[in-house]
Amino acid sequence: MPANTYNLAITLLTRCSTRHLFVPIRAMQYMAIVDNDEFVFIDGERKCWVDIAWCNFRREDRDALNQPVIYDAIYYRENMSEIMTRLQRELPLALQTLASKAKLDGPARILHFPTNR
């Protein structure tokens, strides 16, 4: 997964008050449900069934925040490769739309990281 997609999803997740981020993918009539461990995708017509799940994110394998994140995709229905391709294209757009609507409350904070010297 491209770094900017993963990073934006996790950033939006940390800003929401629950442990789950709901991302409508209107172009496909899908809903993405994002948590720290997986992203699941639900078709608007089959609301109670997961079609695809992205999980086992190997974020620790990257050396920098701008490197992609390797993950596993699990298909719960047959012939989902076209849907998978569309999700990879549409999820970043849906995340950007959601981010543009987010209101940041409060002042910015500076995080201090210890140095290894």
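Because the structure is a prediction, the values reported are computed rather than measured.
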Report summary line: Distance col, row Leu13:CG vs Arg15:CZ, nearest 0.5 angstrom, shows 11.5 Å
Report task. Any chance you could pull the hydrophobic cluster mates of Trp49, using side-chain heavy atoms under 4.5 angstrom and chaining through other members? Result -> none
Query - Student check: side-chain heavy atoms of Val34 and His20 closer than 4.5 Å - result: no
Report summary line: So CG of Leu98 and CG of Leu91: to nearest 0.5 Å the spacing works out to 10.0 Å
Report task. Examine Met31 and Ile25 and state if one hydrophobic cluster contains both, with Ile, Leu, Val, Met, Phe, Trp and Tyr joined whenever side-chain heavy atoms are less than 4.5 Å apart. Result -> no
**Report entry** Option among Phe57, Phe22, Tyr30, Tyr71 that satisfies the ring-ring contact (aromatic ring centres under 6.0 Å, His included) test with Phe39
**Finding:** Phe57
Report summary line: What one should report as the nearest heavy-atom pair of Ala32 and Phe41 is CB-CE2, 3.6 Å
**Report entry** Close side-chain approach of Leu21 to Val23, heavy-atom, < 4.5 Å
**Finding:** yes
Query raised in the report: Taking C-beta and beyond as the side chain, do Trp54 and Glu38 meet within less than 4.5 Å on heavy atoms?
Result: no
**Report entry** Side-chain heavy atoms of Arg62 within contact of Glu60, under 4.5 Å
**Finding:** no
Query raised in the report: Does the side chain of Leu95 reach to within under 4.5 Å of the side chain of Leu12, using non-hydrogen atoms?
Result: yes
Report task. State, with a plain yes or no, whether a side-chain heavy atom of Met80 is found less than 4.5 Å away from one of Asp51. Result -> yes
Query - Spatial distance of atom CG (Asp43) from atom CZ (Arg77) [nearest 0.5 Å] - result: 6.0 Å
Query raised in the report: So do Asp61 and Gln67 actually touch side chain to side chain, heavy atoms under 4.5 Å?
Result: no
Query raised in the report: Is it true that Ile74 and Val50 fall in one hydrophobic cluster, defined by side-chain heavy atoms closer than 4.5 Å?
Result: yes
Query raised in the report: Looking at side-chain heavy atoms only, is the closest gap between Leu8 and Tyr6 below 4.5 Å?
Result: no
Query raised in the report: For the side chain of Thr5 and the backbone of Met1, is there at least one donor-acceptor N/O pair under 3.5 Å apart?
Result: no
Query raised in the report: Within a reach of under 6.0 Å around CD of Glu45, are more than 12 heavy atoms found that belong to other residues, nucleotides or ligands?
Result: no
**Report entry** salt bridge (charged side-chain N to carboxylate O under 4.0 Å, His left out) partners of residues 19-28, not counting sequence neighbours, each pair once
**Finding:** none
Report task. Return the minimal non-hydrogen interatomic distance between Leu87 and Pro92, and the atom names on each side. Result -> O-CD, 4.1 Å
